[in-house]
Amino acid sequence: MQQIIEELNPGQREAVETTDGPLLVLAGAGSGKTKTLTHRIAYLVANGLAAPENILAVTFTNKAAGEMRARLASILGMDSAHRGFMPYMGTFHGVCVRILRQDGPALGVDSNFVIFDDSDRLATIRQILKQLGVVDKQASPRAILNLISGAKNELIEPQTYAQFASTPVQKVASQVYPKYNRQLSQAQALDFDDLIGKTVELLTNYPEVSKKWRSQFGYVMIDEYQDTNNAQYRLVKLLVDKHNNLAVVGDDWQSIYSWRGADFKTILNFDNDYPNAKVVKLEQNYRSTQEILDAADKVIKNNKNRSDKKLWTDVKSGKPVAIERVGDDRGEGEYIVSKIKTDVASGKREYGDFAVLYRTNAQSRSLEETLVRYGIPYKIVGGVRFYDRKEIKDLIAYLRYIYQPEDQSSFLRVVNLPTRGIGQKSLSNFFEWQAANNYSLWQALQLVQQCKSLTTKARTSLNGFAQLIKSLQALAEESKLDQLIEMLVNRLNYFDYLDDGSLQSADRIENVKELVSVAKEYAELGLPGFLEEVSLVSDLDGYEQSAQAVTLMTLHAAKGLEFPVVMMVGLEESVLPHSRALYEQSEMEEERRLCYVGMTRAKEELIMLHAERRMLYGGVQHNQPSRFLSEIDEDYLDSAQTSYAQVFEFGPKDAVSTIGLPELAVRDQVEHQVFGQGIIHALDGEIATINFFKAGQKKLNIAFAPVKKIG
DNA sequence: TCATTTAACGTTTTT
DNA sequence: CGTTAAATGA
């Protein structure tokens, strides 16, 4: 037990020894955040202050939870596979699933609910938009989804949302929102946001249920608290009400998910929120050299909205941070290749020591090409997840439908796959008949023989499909998960369906085989457990650093990781910071935090690259070097570089004054002689992208176009 | 009903 | 430029 405390620095130790009451740990990058949290749990358990099962530790990824579990097991000398002796460690969503499976029925949530992912949600929204006859280009399903998701993150109900929907898109979203919820509940489905929202609802309205969970989780810890959104914040409040044994750990400087509803002010307000909270700052950094820390510090200090911290380190000083200018995006790749080749050849480094970080996934392509050309092994984190591949999603949809035959989204996905001759026409006839008779989807399907409005062929096909599902349901009851999937694949002749002779089809077949072997591993979870795992797992969860390959990923994905050498590419205005953030103070500050996160991933060497030109969207762009570079090095201003500071300066109204052009800014309302009124969506020099209320989106040259600002 | 062509679009995406 | 979703034709 003594060891648990001994290895800690004074701040970490204080955090660990503060066991009761609210505790805020403001933990800078690389300050041993996870270590502190794990040791705190170990301390609670080893001192007999809490039984493991009375501790709840919430992380943001399954991977983080897994790491914590492993570390805790090693401190306590236990087997990490033995989950029974472990505190509950998982994500917010994982905890909520557990609570809802048990107590959801009180709210009318079927305990066999399925979880809708983004593509299910989009499909649902598309369907509703079609029903509503919305053709407006403004109302893209993605935009609607973001609005609905935003509302759910704020725990705003459809009725309330409708009241303050003001823009045209919001109006559409307010029409979609209630219908969307109805569709989900018909399908016995919850989306990611519902998992949190329904749990909040449950704990708010059912005192006996919340009492039960509160006494279950007598000690609660939340990691990455800066990334909690409003719904999650409410959930935490409900879980710790009365005992207030809550420890939160986070760093507002690393808050990079505000676009998902996260609000780092929650962490800054913690001590107001929970009176008598103890606040501990962890400022000693164990990761990076002083040079890297200093550079990162210079960048982040330009943010106005932030807490005050000063990171320091004992690590001996190293190389200065390098800022490199290259010709174009290809040049970035070539610089990286030569750096890696040199260091690896000299025996100084191995491939796994390097990470290449970028702002957008699209940037990975040209880097990959260059790495392939020079034979540098690499792996990419992110992009298309295993479970997002079509062939896998299709099979998962089958499994889901077997599990929950009211899930219309899965039904639509698989009913004609492989082709059974059930097309749009037959389906809409079927649905009409279903609605007319007030049958649920699964009832209707079983009674489909009675449906007169279908052709004989369609009727037989649908009935065949129903029989197939029925027999697989029986199989699911009595057999192992992997046997079920194998049987499914057989019954569908799935390999034949996938094998179209193309090169990719071999990959697809491989993927399906991979799924079967994954299913073997999860066999003891059963079908429901497996489906849960699949919908709550992320690409990052499978990521392991290996010595044999360079890692490529987005800055977002890099959070929480560290590498001896970090190379950040695309340090240019409108790449990092991203063009969409140039005109908004708060978004700019988030870009800066993103830059900060990237920089603080580096242990020994940090190289920041920018290109004079780059190919983007099929055209060549000339971007100024990122403002973040000049924040690191004031002297880092050359030739054309003096101008951007003026052009992008934040004026009183974030106005962009470009000489000789009308004064316009993103989000300004404008009027056009022909197209009528609209809002500026984006500005790129003289080219403005304007969303007109009636005429839709247009790209206009504001130097010539008859547009003027209104309002 | 499916395969091919055309048009639109373009940030990040822990769950 | 490359991808993906809608639209069209066989």
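Below, read A as the first sequence line, B as the second, and so on, with proteins coming before strands; counting in each chain starts at 1. Predicted model only: the values in this text are computed from it and were never measured.
As rounded to whole Å, 16 Å separates atom P of C/dG2 from atom CD of A/Gln363. Between the C1' atom of B/dT14 and the CZ atom of A/Arg260 lies a distance of 8 Å, rounded to the nearest Å. Rounded to whole Å, atom P of C/dT3 lies 14 Å from atom CE of A/Met615. For A/His578 and B/dT13, the NE2 to C1' distance is 14 Å, given to the nearest whole Å. In this structure, A/Phe116 atom CZ and B/dT13 atom P are separated by 24 Å, rounded to whole Å. As a whole-Å value, the separation of A/Arg593 CZ from B/dT11 P is 19 Å. Atom-to-atom, CG of A/Leu555 to C1' of B/dT13 comes out at 14 Å; the value is rounded to the nearest Å. Between the P atom of C/dG2 and the CG atom of A/Asp329 lies a distance of 12 Å, rounded to the nearest Å.
With sequence neighbours excluded, the residues that form a side-chain contact (heavy atoms from CB on, under 4.5 Å) with A/Asn416 are A/Thr419, A/Arg420, A/Ile422.
Listed candidates were C/dG2, B/dT12, B/dT11. Nearest to the side chain of A/Arg580 is B/dT11. Candidate nucleotides C/dA6, B/dT12, B/dT14 were compared by shortest atom distance to the side chain of A/Arg126, and C/dA6 ranks first.
Toward the 5' end of DNA chain B, the nearer of the two residues A/Gly94 and A/Asn416, judged by each one's closest nucleotide, is A/Asn416. Each of A/His93 and A/Glu591 was matched to the nucleotide of DNA chain B holding its nearest heavy atom; the match closer to the 5' end belongs to A/Glu591.
Nearest heavy atom pair, residue A/Arg593 against residue A/Asp252, reads CD-O, 3.3 Å. Taking each heavy atom of A/Val114 and A/Ala187 in turn, the nearest pair found is CG2-O, 4.1 Å.
In this model, the phosphate group of B/dT13 is approached by a side-chain N or O of A/Thr554 to a distance below 4.0 Å at OP1 or OP2. For A/Asn361 and B/dT13, the shortest distance from a side-chain N or O to OP1 or OP2 is below 4.0 Å. OP1 or OP2 of B/dT1 has not a single side-chain nitrogen or oxygen of A/Arg420 nearer than 4.0 Å. Listed pair A/Arg142 / B/dC9 fails the phosphate criterion, with no side-chain N or O lying under 4.0 Å from OP1 or OP2.
Taking the P atom of each, C/dA5 and B/dT12 are spaced 15 Å apart, rounded to whole Å. The separation of B/dT14 from C/dT3, taken at their C1' atoms, amounts to 25 Å, rounded to a whole angstrom.
Applying the salt bridge (charged side-chain N to carboxylate O under 4.0 Å, His left out) test to pairs two or more places apart or on separate chains, those with a residue in residues 357-371 of chain A are A/Arg359-A/Glu591.
With hydrogens and angles left out, the side chain of A/Arg359 and the base of B/dT11 share a donor-acceptor pair within 3.5 Å.
Of the N and O atoms on the side chains of A/Ser119 and A/Lys393, at least one donor lies less than 3.5 Å from an acceptor on the other residue. Judged purely by distance below 3.5 Å, without hydrogens or angles, the side chains of A/Gln226 and A/Glu224 pair a donor atom with an acceptor atom.
No engagement by A/Leu145 is indicated, since no non-hydrogen atom pair under 4.0 Å with the nucleic acid exists. Using a 4.0 Å heavy-atom distance criterion, A/Asp227 is classed as a base contact. Contacts of A/Gly421 with the nucleic acid, taken as non-hydrogen atoms under 4.0 Å apart, involve only primed sugar atoms and P, OP1 or OP2. Across all strands shown, A/Arg614 has no heavy atoms under 4.0 Å from either base or sugar-phosphate atoms. When heavy atoms are screened at a 4.0 angstrom cut-off, A/Tyr257 is found touching base atoms of the nucleic acid.
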